[in-house]
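Just so we're clear, the structure is a prediction, and the values are computed from it rather than from any experiment. One-based numbering along the sequence shown.
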Amino acid sequence: MAIALAPAAAFAQSAAATDTDATDIVVTATKRDESTRDIAGSVSAVTEQDLQRLNAQSLSDYITRVPGVVFNDYQPGVSEVVIRGVASTTYHEANQATTGYYINQIPLVEPGFPLVIPDIDSFDVKQVEVLRGPQGTLFGSSSLGGAINYVVNEADPSAIDAGAEGILASTRRSGEASYAAKAMINLPIIADKLAVRLVGLQRYDAGYLSNTGTGEKGSNDLRVRGLRGSIVFTPTETTKIAALGLYQEYDLDDQTYVQFGADPYARTYDRNTNVDEFQDTEIQLYSLRLDQELGFANLTAIGSHTIKKANLAFDDSIFGGNDPRTNTPQLSSSVGKSTTDYGELRLASSGTGPFTWLIGGNYTKLRSDSTDGAFVEGIGAYIDANPASFGGQAGSVLAPGDLLRRTIGTSRVREIAAFGELSYTLADVLTLTVGGRLFEYRSRPRLQFLPNAALIAPFDYAPGTRKESGFVPKASLSYKPSDRLTVYGLYSEGFRIGGINTYAVATGVPLEFASDSTQNYEVGAKFDLVPGAMSFDIGAFHIKWNDIQSRLFTPVDFNAYTVNGGGAKIDGIEMSLVFRPSRNLTYTANLTYNDARLSGLLPDSSAPGGGYAAGTRLPGASEWILANQLDFELRDSPLRPRIGIAHRYLSKAPVAFGAALEKGDYSLIDLNAAIRVADGIEAGVFAKNLFDEYGILNAPFSFAGSVTRPRTIGASLRFGLR
C-alpha cells in the first residue's frame, strides 16, 4: 500500500477538469517561457499530473515514455538517459554523459566525468522537460543527444500549502516491502512578498536480486533520502529573488547486475560475489537567482554551487578468483568528490514584436578529485612478511590500507562562454532564428599512479593546462499559418570536452582522448487536428557524430577507458499522438524509429580485425520504441474514479560494441487506479510490470548486466491542502 500526499498545486491540477489541450505546455528549457507548440524543435514535457498518474518515483518510471528516449537503467545515481541513440555504451560513459541534466536551468552535470547523475525524486516536481537533439548553443557541453530540465515547484507567497506522499509496495522476489514517505510545506512569511517551501523525502526500494556468494536475498536494497528548500522574495512586481537548495543521496547495498548463465536470455535474478558491492552517491546544490524586468528586456542572473560525492566497490574476484597470496578477494574501490561553481547572466527581449532576442554568458569552474584502487585484505602484512619479493619496500609504502594499487585523478576545468539567439517573424507566420555559442575551456588534468604491490613504475602525468575553444551554431525556420499547425526545419550542434584515462598508466591504453561533437539536421510538423481533442507531431532527423568518445574495456581485467575513433550516422523519425474523444478519456501514443550506426572504423586492439566496422549498430540504439497510455476518469463524479494502463516496447539492440548479447525485445505494462475519498485526499492502487516481463536493460559485457524489476504491486493515498 502506498500513501502519497501530493503537493497542492499538483493535486489541484489533477482534481480539476483539465479540458485544455494537454500538448500546449509552457516550458522553460529554452531559457524563456515558450509553448511546446511554438518551438522549432522536438520538446516534450512530463507534467506533475503525468508523474502522479504513473506513481512515478524516478526516471525509470516515466522517461522512456518520451519519444526518442531510452534509459540505461544501471546503478541508481549513475544511470544515464540516452536521446536519439547517441551513446557508446548501455552501461556508463567513461567521460561526460551524452545528455545534459539541469534543475530550474541550473547544471547538474560537471564538465568532465560525472560522479553522480542526479535522478531527482519526482515529488513536488512541476514538470520534466526533455529537449531532443543537440543543445550545445544554449547549454554547452554534455548535450550531444539532448537535455533534461527538472522544473521543481518554488515557494509561493500567495497562500499556505502542504502535501505529502508515502508508498508501501511489494516486489516479487523481495524479502521486504518497499516504502516512501515524502512531505512538503509552503509558508508565506510576508503575504505576496516572501515565502519558503520545504520538501523532505525518504524512499526504500527493496532489493529483488539474490547474492548466492553472500547468502543474501534481496541484496540490492536502495535507500534514497532528500531535502529540498526554496525561498522566493518579490520586493516589487518587477523583481524576483529565488534561492534553491537540494540534497539527495542514494545508498545501494549491493550492485544491480546479474551474472548470466549459458543462455543469457534465461530468467535469472542471481549474482555471486564474495562481498556486497556497495555504492553510495550524494549531491548537494545551492543556488540563487534574480529575475528583473527592465521594460525593454528581462534580466536573469544565476549562481550555483554543487557538491558531489561517490564511494563504491566491485568484487574483482568474480573474474579471477581470490588473490593467491592472501586467499582474500580483490575489490576495486573508488572514492571521489567534485565541486562545481556556475554563474550565468542573460538578457531576453520582452514583448512580442517581430524581433526577439536573447544574449548571455556563463562561467563554470570544476574541481574534481578521485582515488581509484584495488583492495586486498592482508596484502600489506604479506608484503612485510616477504620483503625480498618486493625490493625490501614496506607494505605501508606499496599498499597503505591494503590498497595494492592506487590511482589518483584530479581535474580542474574552467569555462567561459557567450551565447545568444535572434529571431525575426515575417507576416506573423514565418520565423527565422539564428544563434550561436562562443566558448573556451581551460582544463588541467593530472593522473598519478602511485607505488604499488605489483612494482609497476609509479607515474605522474600532468600535461599542464589545455585550451579548447570553438563556436557552436544553430539555425531554425518555422512556419505557423495558424494556431493549429507549425512546420519547422532545424540545424543544431552539441559537443563534449576531452579527458584522461584513469587506468592508462597500468594497462598501456591511450593517456588522453579528445572532444567529440554532433550535428543535427531536423524537420518536423506539429498538428492540432481537433483543438483540445487531437494533436499529432512528427519529426525526422539526421545526426552526424564526429570523433566518437567510445567506452571500451581492457582484456582480462576489464578496466574501462575511452578512445576517439570513427564516426556515426543516426537517422530517425519520431511521432506523437494525443487523442481525447471525450473529456473522460485520453489516449497517447509515441513511436520512434532510429537507425544509429558507425560510419567509420572504431579502433579497438582487443577486437577481431582491430575494431568495429562501419555499419555496426551503436550500443543500446533500439530501432523501434513504442509507448502507449490510455486514461479514463469520470470527471463529473464526486469520487472522480480513474484508471490508466501504460505500455512500453523496446526492440533489440546490442549491449556493447562487438557483443552478441542484446537488450530490449520486451514489453512492460503498468496499471494505475485511484479514487477521491475526501476533499484533497486521493487513494489508489498500482501494478508496475504487471505481467512480470523479464528483459535485459544493459550490460557492459556479455556475461553480466541489469534486468527489469519484477512485478511490483502497491497502493497510494494522496493529500493536498489546496
Side-chain angles (χ1 to χ4, degrees), residues 25-31 34 36 39 41-48 50-51 54 56-74 76-87 92-93 96-111 114 116-153 226 228 244 246 248 250 281 283 285 287 302 304 306 308 340 342 344 492 494-496 518 520 543 574 576 590 592 620 625 627:
I25 300 171
V26 175
V27 296
T28 63
T30 54
K31 304 209 173 188
E34 289 187 274
T36 56
I39 295 175
S42 298
V43 181
S44 299
V46 184
T47 66
E48 196 163 23
D50 296 331
L51 296 170
L54 294 168
Q57 307 296 310
S58 60
L59 283 166
S60 62
D61 292 323
Y62 63 87
I63 198 64
T64 54
R65 303 181 191 281
V66 176
V69 175
V70 298
F71 186 49
N72 288 343
D73 196 355
Y74 174 53
V78 296
S79 298
E80 300 186 7
V81 176
V82 176
I83 300 177
R84 293 184 171 175
V86 182
H92 185 32
E93 296 284 341
Q96 280 186 289
T98 61
T99 298
Y101 302 82
Y102 304 83
I103 183 168
N104 289 18
Q105 305 173 31
I106 303 163
L108 289 172
V109 288
E110 52 268 62
V116 183
I117 299 178
D119 188 344
I120 302 299
D121 190 276
S122 57
F123 179 71
D124 204 35
V125 171
K126 180 180 179 181
Q127 62 191 32
V128 181
E129 302 168 351
V130 183
L131 287 77
R132 303 191 298 278
Q135 304 293 326
T137 299
L138 292 181
F139 293 101
S141 65
S142 194
S143 58
L144 292 174
I148 291 176
N149 182 45
Y150 297 94
V151 182
V152 299
N153 289 312
R228 195 162 65 233
L244 176 67
L246 166 72
Q248 187 167 304
Y250 280 82
T281 58
I283 180 173
L285 181 145
S287 71
I302 299 174
S304 68
T306 305
K308 294 181 178 180
T340 304
Y342 178 78
E344 180 177 326
S492 62
F495 68 98
R496 281 188 296 188
T518 51
N520 176 64
I543 297 176
E574 298 164 348
S576 297
N590 297 312
T592 303
I625 306 171

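For the pair N590 (side chain) and R65 (backbone), a donor-acceptor distance under 3.5 Å is present. In this structure a side-chain-to-backbone donor-acceptor pair under 3.5 Å is present from T99 to V81. At distances below 3.5 Å, at least one donor-acceptor pair connects side-chain atoms of T592 with backbone N or O atoms of G68. At distances below 3.5 Å, at least one donor-acceptor pair connects side-chain atoms of Q127 with backbone N or O atoms of V26. For Q105 (side chain) and K31 (main-chain N/O), no donor-acceptor pair under 3.5 Å exists by modelled atom type. With hydrogens and angles disregarded, a donor-acceptor distance shorter than 3.5 Å links the side chain of S492 to the backbone of P134. Judged by distance alone, with hydrogens and angles left aside, the side-chain atoms of E80 form a donor-acceptor pair with the main-chain N or O of E93 at under 3.5 Å. For T518 (side chain) and L144 (main-chain N/O), a donor-acceptor pair under 3.5 Å exists by modelled atom type.
You'll find the side chain of I148 reaches within 4.5 Å of the side chain of I63, heavy atoms only. Using a 4.5 Å heavy-atom threshold, the side chains of L131 and L138 count as separate. Residues R84 and N520 form a side-chain contact, since some pair of their non-hydrogen atoms from C-beta on lies under 4.5 Å apart. Between I120 and R228, the closest side-chain pair of non-hydrogen atoms falls below 4.5 Å. Side chains of N104 and V151 form a contact here, defined as non-hydrogen atoms less than 4.5 Å apart. No side-chain heavy atom of T281 sits less than 4.5 Å from a side-chain heavy atom of Q248. With a 4.5 Å cut-off on side-chain heavy atoms, T306 and E110 do not count as touching. Contact of the Y62 side chain with the V128 side chain is registered, since non-hydrogen atoms from C-beta on lie closer than 4.5 Å.
If you take CD on Q135 and OG on S143, they are separated by 6.5 Å, rounding to the nearest 0.5 Å. In this structure, I106 CD1 and L246 CG are separated by 9.5 Å, a value rounded to the nearest 0.5 Å. Separating the CD1 atom in I25 from the OG1 atom in T36 is a distance of 5.5 Å, to the nearest 0.5 Å. Atoms OG and CG, from S287 and L285 in turn, are 5.5 Å apart once rounded to the nearest 0.5 Å. E129 CD to T30 OG1: the interatomic distance, rounded to the nearest 0.5 Å, is 8.0 Å.
The salt bridge (Lys or Arg N to Asp or Glu O under 4.0 Å) search around D61 returns K688, not counting sequence neighbours. By the salt bridge (Lys or Arg N to Asp or Glu O under 4.0 Å) test, D119 pairs with no residue at all, sequence neighbours left out.
A pairwise comparison of heavy atoms in P76 and Y250 identifies CB-CD2, 3.5 Å as the closest pair. Annotation for I83 and A147: closest pair CD1-N, 3.9 Å, computed over non-hydrogen atoms. Closest non-hydrogen pair, D124 versus E48, comes out as CA-OE2, 3.7 Å. In terms of heavy-atom proximity, S44 sits nearest to R132 at OG-NH1, 2.6 Å. Among all heavy-atom pairs drawn from V27 and A45, the shortest one is CG1-CB, 4.0 Å. The shortest heavy-atom contact between A97 and I117 is CB-CD1, 4.4 Å.
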Exercise for review: Step by step, work out the side chain to side chain contact (heavy atoms under 4.5 Å, CB included) result for I625 and V70.
Suggested key: CA-CA 8 Å; I625 306 171; V70 298; 3.4 Å; yes
Practice item. Verify side chain to side chain contact (heavy atoms under 4.5 Å, CB included) between Y150 and L108, making sure each step is shown before the conclusion. Key: CA-CA 10 Å; Y150 297 94; L108 289 172; 4.0 Å; yes
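No option in V46, L59, L51, D50 other than L51 meets the side-chain contact (heavy atoms from CB on, under 4.5 Å) test with S122.
S79 and N72 form no side-chain donor-acceptor contact under 3.5 Å, judged by distance and modelled atom types alone.
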